[in-house]
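Reviewing the structure listed below.
Every chain is numbered from 1, with letters handed out A, B, ... down the list of sequences.
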2 protein chains.
Amino acid sequence: MSKGLVSLAINDRPGVSEATRLRVLEVADRLGWRPSLPARTLSTSRTYALGLVLRRDLRIVAADPFYPAFMAGIETVLTDEGRVLVLSVVGSAEAEERAYRTFAADRRVDGAFLNDLRHDDHRVDLLRELGIPAVLVGRPDGPAPFPSVVLDDAPGVTAAVHHLVDLGHRAIAHVGGDPALLHARHRRRAFEDAVAARGLVPTAVVDTDFSMAQGASATAALLAGRTRPTAIVYANDPMAIAGLGVLQEAGTQVPDAMSVVGFDGTEMARHTHPPLTTVRSDPQEWGAAAARTLLALTTSGSAASVELPPAQLVVARSTGPAPGPTD
Amino acid sequence: MSKGLVSLAINDRPGVSEATRLRVLEVADRLGWRPSLPARTLSTSRTYALGLVLRRDLRIVAADPFYPAFMAGIETVLTDEGRVLVLSVVGSAEAEERAYRTFAADRRVDGAFLNDLRHDDHRVDLLRELGIPAVLVGRPDGPAPFPSVVLDDAPGVTAAVHHLVDLGHRAIAHVGGDPALLHARHRRRAFEDAVAARGLVPTAVVDTDFSMAQGASATAALLAGRTRPTAIVYANDPMAIAGLGVLQEAGTQVPDAMSVVGFDGTEMARHTHPPLTTVRSDPQEWGAAAARTLLALTTSGSAASVELPPAQLVVARSTGPAPGPTD
DNA sequence: CTGAAAGCGCTTACAG
DNA sequence: CTGAAAGCGCTTACAG
């Protein structure tokens, strides 16, 4: 039983009789022997690791339940495949680029997840150039050399606007996210299109950085504005919750005087007062699907893009009939 | 310029003249050459990676801003040291043990963080046995073979109780966390001791799993109980926020009819209505300190335990004078 | 179907 | 202070 034979048997390569393979596996198991990963990596240059770089302001990451759920979804598939997740949390675009370059130089990972897509996202070229296979988490705004895993935000936002208009609202505002991020643009665009489809004009559309602080100040600004909306659609739940706080501090009843819609469908949204009407996506399944796709890409060299079920409106008690004279 | 020489120069080993070392580094830099990590790992068995296994119910992880901040803190020190974080998110004790065993078998990491300490935590023995150096994040309840990095919860909880008693509260309840976790026990113990120190008896102490759902139901139970508290101290901010929701749904004014105290000092606590009195700790600094300690341990073989500044009470508007006839 | 050999790219004694 | 050699533990053609 030579080294080479064992290797062939362990790696399910042809050229080993089934009987021998079983014997090898049995002996390895009995001895508790496992091939050394560093040695294997040195000769095959496969690391059995996938990389995720998070670039976000800490204040935002900390309040946003997306990433923990997304990562948990990734793990559900990696664990079974003997893979591991290498995580990097960075605070700037420069640090993010350094992180990817280090991944490449150190051969840390077989592939990477690319989250929070941007317009003309130069990280796509960077990863291609570095030779790191990637999966795009979200819909890119142009042709891309990598497969994408998409969960469409638009239908949920559209449904939210129709829900509000059906309740009699005519003055609806949007507190959007960071316009540098494509998904924030998608939500904003879906909002604007849906409002227009009902023959209305948005009362206001405010960009933010997705933080609760900016969600709060945007809400305060809307309350102080010349034309005050009767409903606000927020680009994420944390901002909607901060908005709820501002409204209640100002004595504005929700939903009697103001309807509020969040986005994410977080646990938190179920426990506010009143519980939040929100648009639910499934970040855990998103993570799992992204991991499956990236795994396929790194092992077979190619993988098809995936379209997940779109985000859905979940109506709770933060939305109600428009106040004042309705027709 | 032989391979060996280059290696000595790159690794700052003695036996190379300063002039040659500089020349080697200059040439490496010009050629963009970096030593191959897998090869280096194979000969030195150092991976330059640190491991973190998260075992928590997803519902809790997602609502809890501790981990994102803690991990960001870790990253601030790892990045500069050319290290990387390997993350595993698991749902059960068995999966957690498997994760550590895989870390060891695959030589994935040089050391690991041990969070969410438990009574007689058998992971400590497991890691010792597997030969994985670790740092304990929190105060262990007994002698341990690893250094710990402690941020004491008690002073903040104690201050919260005194604050409430000073406001005239005599009926104070505690919605605790998961009693399997030492930090939940510490918070509970600090609560009970502080109440006793003021000559009072807790109106109630309820254990939970730290989830918003159980925070909400514990609050509902307290409202329905025979002796109703005038103040509730929660073991984390998410539960306090869920409690706020339940109280407001029930028409109980905060703080007029009920004072509420959270724990964590999250961003979220600043944006509720009313803003939450809470106990602030610094999870990011905690992560950074834990990373520094683990780095020292893995490189030098030993590291001293660290005691960080304790958690502090931050008074906001969810606490006020006790309702009814005060003396 | 099996065994002996080279190679992955470093580090580390060991001579010179 | 420098160069040649062995070794880390696998995988992979290449002969037998």
Side-chain angles (χ1 to χ4, degrees), chain A residues 1-49 81-84 101-110 130-132 298-301, chain B residues 1-49 81-84 101-110 130-132 298-301:
Chain A
M1 213 152 54
S2 70
K3 228 99 233 290
L5 170 62
V6 171
S7 177
L8 294 182
I10 290 278
N11 292 301
D12 262 340
R13 285 295 159 79
V16 185
S17 74
E18 201 45 35
T20 336
R21 184 191 308 284
L22 287 175
R23 207 171 106 251
V24 168
L25 292 178
E26 189 271 324
V27 170
D29 208 68
R30 187 155 45 75
L31 268 48
W33 178 88
R34 307 223 341 189
S36 150
L37 187 66
R40 179 182 268 189
T41 299
L42 184 58
S43 55
T44 64
S45 57
R46 314 207 76 231
T47 62
Y48 297 91
E81 303 286 338
R83 259 73 168 189
V84 114
R101 290 191 180 279
T102 305
F103 276 175
D106 290 351
R107 295 164 189 83
R108 280 282 187 192
V109 297
D110 297 327
L130 293 174
I132 301 179
T298 58
T299 54
S300 81
Chain B
M1 213 154 52
S2 72
K3 229 98 234 293
L5 169 64
V6 171
S7 177
L8 295 182
I10 290 278
N11 293 300
D12 262 339
R13 285 295 158 77
V16 184
S17 74
E18 203 45 35
T20 336
R21 184 190 309 284
L22 287 176
R23 208 172 106 251
V24 167
L25 293 178
E26 190 271 324
V27 171
D29 209 65
R30 188 154 45 75
L31 267 49
W33 178 87
R34 307 224 339 189
S36 150
L37 188 66
R40 178 183 268 187
T41 300
L42 184 58
S43 55
T44 64
S45 57
R46 314 206 76 231
T47 63
Y48 298 90
E81 303 285 336
R83 258 72 168 188
V84 114
R101 290 191 181 280
T102 306
F103 276 175
D106 289 351
R107 295 164 190 82
R108 279 282 189 192
V109 298
D110 297 327
L130 293 173
I132 300 179
T298 59
T299 53
S300 80

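- Taking 4.5 Å as the limit, some side-chain heavy atom of Arg101(B) sits within range of a side-chain heavy atom of Leu130(B).
- The distance from atom CH2 of Trp33(B) to atom C1' of dG9(C) is 9 Å, rounded to the nearest whole Å.
- Side-chain contact between Arg108(A) and Thr102(A) is absent, with no heavy-atom pair separated by less than 4.5 Å.
- Counting only heavy atoms from C-beta outward, the side chains of Arg46(B) and Asp110(B) approach each other to under 4.5 Å.
- Interatomic distance, Thr47(A) OG1 to Asp106(A) CG, rounded to the nearest 0.5 Å: 11.5 Å.
- Between the CZ atom of Arg107(B) and the C1' atom of dC10(D) there is a distance of 11 Å, rounded to whole Å.
- Atom OH of Tyr48(B) is separated from atom C1' of dG9(C) by 14 Å (rounded to the nearest Å).
- You'll find that the side chain of Ser43(A) is closest to dG7(C), out of dT12(D), dG7(C), dT11(C).
- Residue contacts shown for Arg46(B) are absent, as no nucleic acid heavy atom lies under 4.0 Å away.
- Residue Leu37(A) contributes atom CG, which lies 13 Å from atom C1' of dT11(D) at whole-angstrom precision.
- Nearest to the side-chain atoms of Ser36(A) among the listed nucleotides dT11(D), dT11(C), dG9(D) stands dG9(D).
- Within the 3.5 Å criterion, the main-chain N or O of Pro38(B) finds no donor-acceptor partner in the side chain of Arg40(B).
- Residues Tyr48(A) and Val84(A) are not in side-chain contact: their nearest non-hydrogen atoms beyond the backbone lie 4.5 Å or more apart.
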### Task
Taking Watson-Crick and G-U wobble pairs with both distances under 3.5 Å, convert DNA chain D into its dot-bracket string, 5' to 3', dots for unpaired and | for cross-strand pairs.
|||.||||||||.|||
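- If you measure from atom CG of Leu42(B) to atom P of dT11(D), you get 12 Å, rounded to the nearest angstrom.
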